[in-house]
Asker: 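I am attaching a structure below and will ask some questions about it afterwards.
Note that the structure is predicted; figures quoted are calculated from it, not measured. What you see below is based on every heavy atom in this structure, not just the backbone, and it leaves out hydrogens, waters and symmetry mates. By convention in this document, chain letters (A, B, ...) are assigned in the order of the sequence lines, proteins followed by strands, and residues within each chain are numbered from 1.
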Amino acid sequence: GAGVSQSPSNKVTEKGKDVELRCDPISGHTALYWYRQSLGQGLEFLIYFQGNSAPDKSGLPSDRFSAERTGGSVSTLTIQRTQQEDSAVYLCASSFTRDSYNEQFFGPGTRLTVL
Amino acid sequence: AQSVAQPEDQVNVAEGNPLTVKCTYSVSGNPYLFWYVQYPNRGLQFLLKYITGDNLVKGSYGFEAEFNKSQTSFHLKKPSALVSDSALYFCAVRDKGSSNTGKLIFGQGTTLQVKP
């Protein structure tokens with residue numbers, strides 16, 4: 001079946017512009033995660049959605065970052081007023097539930113470059 | 001604080017030789033451990049996991065990992081390396097904090113280079 005998909009695959013933007021990154025999780029997966037992969041920081045957790053529950057935003061680095069998940073499926077990560085330090089690969093993952101025995105399946109990522 | 005350490009930035013192995021990629025963890029209680037592999041310009045692919053049970057876990061592509069509670073380690077192994085195994089490998093532990101999100105805490109990654 002289809003895996004996790006993300007769009008766009010690459011995004012180049014100018015400093016100060018807003019960007020939206022999209023994630024389509026695997027159908028039926030209730031848990032959705034956003035991570036950021038950068039050279040200096042490795043893989044960092046950003047935000048977590050579980051069904052219709054309130055998201056865990058504890059990993060978001062600043063209030064310029066926000067995310068939503070509509071209808072318990074597609075998620076959008078928005079970065080406002082982008083900065084050069086936001087340049088990274090943004091990875092989305094989904095799992096059947098948040099339970100410990102469920103592995104997370106990752107999308108191919110969106111490579112964001114802020115000029 | 002929970003953490004994962006991968007002490008080697010890079011591991012070099014000759015094709016056909018056994019390989020080991022090291023991982024140690026720090027977490028309260030019983031850990032839930034995972035290995036992922038990342039090929040260039042790709043997302044992470046799940047290899048294997050330890051939740052409970054046998055300490056030797058077998059996964060995809062002939063990989064296995066040994067959970068050692070006393071040494072707090074979860075090293076990834078393969079008896080005979082292939083050139084196609086060359087990639088970036090991540091060890092991860094499931095967060096067991098109060099938020100209970102199931103998020104993963106990753107090591108810094110180890111680049112495996114298998115030479116013909």
Asker: Nearest 0.5 Å, please: how far is CD in A:Glu103 from CG in B:Leu104?
Answerer: 10.5 Å
Asker: Is it true that, when you exclude A:Leu39 itself, more than 12 heavy atoms of the residues, nucleotides or ligands shown sit nearer than 6.0 Å to its CG?
Answerer: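 Check fails, neighbour count at 12 or below.
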Asker: Where on B:Gln45 is there a heavy atom nearer than 4.5 Å to chain A: the side chain, the backbone, both, or neither?
Answerer: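 Neither; nothing under 4.5 Å.
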Asker: Do other residues, nucleotides or ligands put more than 12 heavy atoms under 6.0 Å from B:Arg42 CZ?
Answerer: no
Asker: Kindly compute the distance separating CZ (B:Phe46) from CG (A:Asn102), expressed to the nearest 0.5 Å.
Answerer: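 If we round to the nearest 0.5 Å, B:Phe46:CZ and A:Asn102:CG are 10.0 Å apart.
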Asker: For A:Tyr35, is it the side chain, the backbone, both, or neither that has a heavy atom closer than 4.5 Å to a heavy atom of chain B?
Answerer: side chain
Asker: Where is the tightest heavy-atom contact between B:Lys103 and A:Ser58, given as atom of each residue plus distance?
Answerer: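 Shortest heavy-atom separation between B:Lys103 and A:Ser58 comes out as NZ-OG, 4.1 Å.
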Asker: According to the interplanar angle, ranging from 0 to 90°, do the rings of B:Tyr36 and A:Phe106 count as parallel (below 30°), tilted (30 to 60°) or perpendicular (above 60°)?
Answerer: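 Ring orientation, 0 to 90° scale: perpendicular.
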Asker: Is B:Leu88 in contact with chain A via its backbone, its side chain, both, or neither, using a 4.5 Å heavy-atom distance?
Answerer: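 B:Leu88 touches chain A through side-chain heavy atoms alone.
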Asker: Once rounded to the nearest 0.5 Å, what's the spacing between atom CG of A:Leu43 and atom CG of B:Leu44?
Answerer: 6.0 Å
Asker: In Å, rounded to the nearest 0.5 Å, how long is the span from CD of A:Glu44 to CZ of B:Phe106?
Answerer: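 With rounding to 0.5 Å, CD (A:Glu44) is 11.5 Å from CZ (B:Phe106).
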Asker: More than 12 heavy atoms of other residues, nucleotides or ligands under 6.0 Å from CD of B:Gln10: yes or no?
Answerer: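 Yes, CD of B:Gln10 has more than 12 neighbouring heavy atoms, counting only those of other groups under 6.0 Å.
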Asker: Answer yes if B:Phe67 and B:Phe63 sit in the same cluster of Ile, Leu, Val, Met, Phe, Trp and Tyr residues linked by side chain heavy atoms under 4.5 Å apart, and no otherwise.
Answerer: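 The answer is yes; both residues are in one hydrophobic cluster.
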